[in-house]
Amino acid sequence: MSFYTREEGIEKHEMESIQFARLKTTVANVYENVPFYKREFEKAGVKPEALHSLTDLKKLPFTKKTDLRDHYPFGLVAVPMDEVVRIHGSSGTSGKPTVVAYTKNDIEHWSDIVARSIYLAGGRKGDLLHNAYGYGLFTGGLGLHHGSEKLGCATVPVSGGNTERQITLIEDFKPRIICSTPSYLLNIGETMLAKGLDPKKTSLAFAILGAEPWTEEMRATIETMFDLKAMDIYGLSEVMGPGIAMECVDCQDGLHLADDHFICEIIDPDTLDPVPDGENGELVFTSLTKEALPIIRYRTGDIASITRERCACGRTSTRMSRVKGRIDDMFIIRGVNVFPSEVERILLQMDELVCHYNIHLKRAGSMDHAELHVEVCESFFNRLPNGDFSVGEGPDLIKKIKYSLKSQALISMDVCLKAPYSIPRSEGKAKRVIDLRGENALTVE
Ligand code: DLL
């Protein structure tokens with residue numbers, strides 16, 4: 001088994017001593033150089049000297065998204081601004097972005113981390129990599145780009161959108177690897193099929209998919225559609241960008257965390273207590289090597305679990321599960337907590353449906369209710385008289401969907417079937433929840 005770096009295979013205790021040394025440096029750095037952290041540490045009654053082992057990390061206060069917003073744009077930067085060589089931002093849809101900064105060394109480390117991630121996914125020097133993540137403030141495009149070049153791949157910086165051109169370049173350049181959101185790769189595949197092209201016949205062997213929640217069912221759909229292997233990549237701009245964790249092509253069994261650069265904790269988002277390995281909770285990250293914007297115990301709002309068991313590929317890194325969703329995307333219908341990914345998992349078990357759906361949240365009186373809009377596949381649609389969902393097999397399919405949601409996940413939703421291609425396609429992060437409840441109506445990405 002070949003690893004990209006030695007660190008991927010070292011024993012836990014050796015990794016922990018690397019982590020502890022780096023943690024001490026990071027904590028001393030933020031205490032000295034970021035007034036916000038000095039204040040927060042003082043409020044919590046801790047000094048950097050109080051760190052005697054990794055377990056002391058939990059004495060430190062959490063950092064939240066609002067802390068980054070409150071110090072917009074550069075209030076949490078720990079180095080003089082003339083050492084900053086790059087600025088990125090979060091992909092929020094409204095208001096000001098959450099800003100993050102990088103030094104030259106930060107970009108070097110990030111490139112190494114992403115190069116290792118691409119290697120984990122099967123990429124090798126000399127491969128051609130088609131990068132359909134958006135270039136810009138979003139970290140997806142440039143993050144994958146620098147890692148790909150570092151690994152030695154011929155990198156095609158296509159960015160998101162212009163699907164026709166994506167297809168032309170895939171056909172002509174014959175890339176071995178594609179990077180995009182899962183929903184956008186599905187869109188590319190469908191567009192190929194509509195043009196009479198067979199996605200199975202492309203040169204693509206590996207897909208590096210992330211930036212939004214997706215499911216094993218979606219993986220199966222994409223892998224079959226393109227005849228490739230699809231791996232999950234996780235990251236967030238506040239902590240660095242893509243590459244914080246990456247699945248290996250060998251096992252596709254959880255995402256390998258970059259333990260040498262980040263410490264991951266899982267907490268109960270209500271009590272803030274640690275959650276045992278294997279149980280879902282909120283992911284919290286502390287950076288270990290970042291210079292421009294080191295971050296301490298950042299609450300991501302993402303729900304997942306971790307395991308410290310060695311992967312069958314031989315790597316010893318901590319592995320995290322697929323992200324189930326963000327706490328903010330979760331909605332409560334009749335007392336049941338619902339993540340869109342749970343709905344997706346159930347829908348994709350039905351041959352009559354395709355992976356294009358969204359959930360409309362509405363308020364009737366004091367009650368919230370959810371309406372699922374989901375597309376049927378073409379062959380089902382063609383069997384309906386005049387495309388009318390209220391006759392033929394339509395009502396039975398609605399009943400079947402409602403029953404599956406209720407019996408498998410206790411979810412009660414109204415169901416509206418939609419004609420093929422009637423739900424807007426994603427060119428980046430798919431919009432799964434459309435909140436139509438009153439004044440604060442918003443669309444959750
Ligand atoms: O989405 C970074 C990224 C780019 C990751 C390309 C992977 C590939 P942000 O725009 O800051 O950064 O959004 C971060 O997206 O907190 C998660 O809620 C979600 N997310 C990212 N990757 C995954 C994933 C990038 N693999 C937010 N599965 C995170 C589920 C993901 N959700």
Side-chain angles (χ1 to χ4, degrees), residues 63-65 68-69 87-94 96-100 102 110 113-114 117-118 120-121 129 131-148 157 159-160 177-185 207-216 218-219 222 230-247 252 254-258 262 264 269 280 282-285 293 295 298-305 319-330 339-342 344-345 426-433 444-445:
T63 309
K64 301 177 293 304
K65 196 173 187 98
L68 286 158
R69 291 227 172 95
I87 309 284
H88 277 288
S90 71
S91 50
T93 43
S94 59
K96 293 190 171 160
T98 310
V99 175
V100 289
Y102 306 77
W110 187 15
I113 293 167
V114 175
S117 301
I118 299 171
L120 267 160
L129 181 145
N131 188 11
Y133 283 117
Y135 282 64
L137 267 192
F138 174 54
T139 49
L142 283 168
L144 264 302
H145 184 102
H146 283 270
S148 172
S159 195
I177 308 162
I178 187 161
C179 305
S180 84
T181 59
S183 58
Y184 191 43
L185 187 54
I208 297 180
L209 308 179
E212 64 184 8
W214 57 307
T215 54
E216 282 306 311
M218 174 82 129
R219 182 189 338 245
I222 290 173
M231 271 64 64
D232 195 3
I233 184 166
Y234 170 80
L236 67 166
S237 45
E238 293 90 329
V239 177
M240 183 189 69
I244 292 167
M246 177 76 217
E247 237 176 4
Q252 294 178 302
L255 291 82
H256 292 266
L257 280 153
F262 310 98
C264 176
N280 274 327
E282 181 178 355
L283 287 163
V284 170
F285 287 103
L293 204 121
I295 198 135
Y298 184 70
R299 291 189 59 185
T300 62
D302 293 325
I303 301 293
S305 62
R319 270 173 303 144
M320 83 183 217
S321 68
R322 223 172 237 299
V323 169
K324 198 168 171 185
R326 295 186 56 73
I327 297 168
D328 332 340
D329 289 358
M330 193 193 78
F339 282 102
S341 60
E342 185 66 4
E344 175 178 308
R345 186 182 69 74
S426 138
E427 293 188 342
K429 298 188 187 229
K431 287 184 176 42
R432 299 302 191 194
V433 180
V444 185
E445 277 196 359

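Because the structure is predicted, anything quoted here is derived from the model rather than measured. We count ligands from 1, going down the list as the structure has it; atoms in each ligand are counted the same way. Just the heavy atoms: all of them, side chains too, but no hydrogens, waters or symmetry mates, feed the values below.
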Which atoms of ligand 1 are found less than 4.0 Å from any heavy atom of [X]?
X: T139; value: 2 (C), 12 (O)
X: Y133; value: 6 (C), 8 (C)
X: D302; value: 16 (O), 17 (C), 18 (O), 29 (C)

- Item | Nearest-0.5 Å distance, CD1 of residue I244 to CH2 of residue W110 |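 Atom-to-atom, I244:CD1 and W110:CH2 are 9.5 Å apart.
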- Which value, rounded to the nearest 0.5 Å, describes the distance between T215 atom OG1 and E344 atom CD?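 Between T215 OG1 and E344 CD, I get 3.5 Å after rounding to 0.5 Å.
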- Task: Counting heavy atoms only, name the option from A304, G89, A211 that's nearest to atom 19 (C) of ligand 1.
- Result: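 The option holding the nearest heavy atom is A211.
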Counting both backbone and side chain atoms, is some N or O of [X] under 3.5 Å from an N or O of ligand 1?
X: D232; result: yes
X: F138; result: no
X: S90; result: no
X: R326; result: yes

- With sequence neighbours excluded, tell me which residues meet salt bridge (charged side-chain N to carboxylate O under 4.0 Å, His left out) with E247.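 Partners of E247 by the salt bridge (charged side-chain N to carboxylate O under 4.0 Å, His left out) criterion, ordered by chain and then number, come out as R219.
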- Message: Let's go through R322 and E216 carefully: what are the C-alpha distance in whole Å and the side-chain angles of both, what is the deciding distance for salt bridge (Lys or Arg N to Asp or Glu O under 4.0 Å) to 0.1 Å, and is it a yes or a no?
- Response: CA-CA 9 Å; R322 223 172 237 299; E216 282 306 311; 3.1 Å; yes
- Any R322 heavy atom less than 4.0 Å to ligand 1: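 Under 4.0 Å: no for R322.
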- Could I get the full list of ring-ring contact (aromatic ring centres under 6.0 Å, His included) partners for W214, not counting sequence neighbours?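 Listed in chain order: nothing, the list is empty.
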- Let me know which of V99, T98, L137 forms a side chain to side chain contact (heavy atoms under 4.5 Å, CB included) with S90.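 The option that passes is T98.
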- Which heavy atom of S183 sits nearest a heavy atom of S426, and at what distance?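 Heavy-atom minimum between the residues: OG-OG, 2.8 Å.
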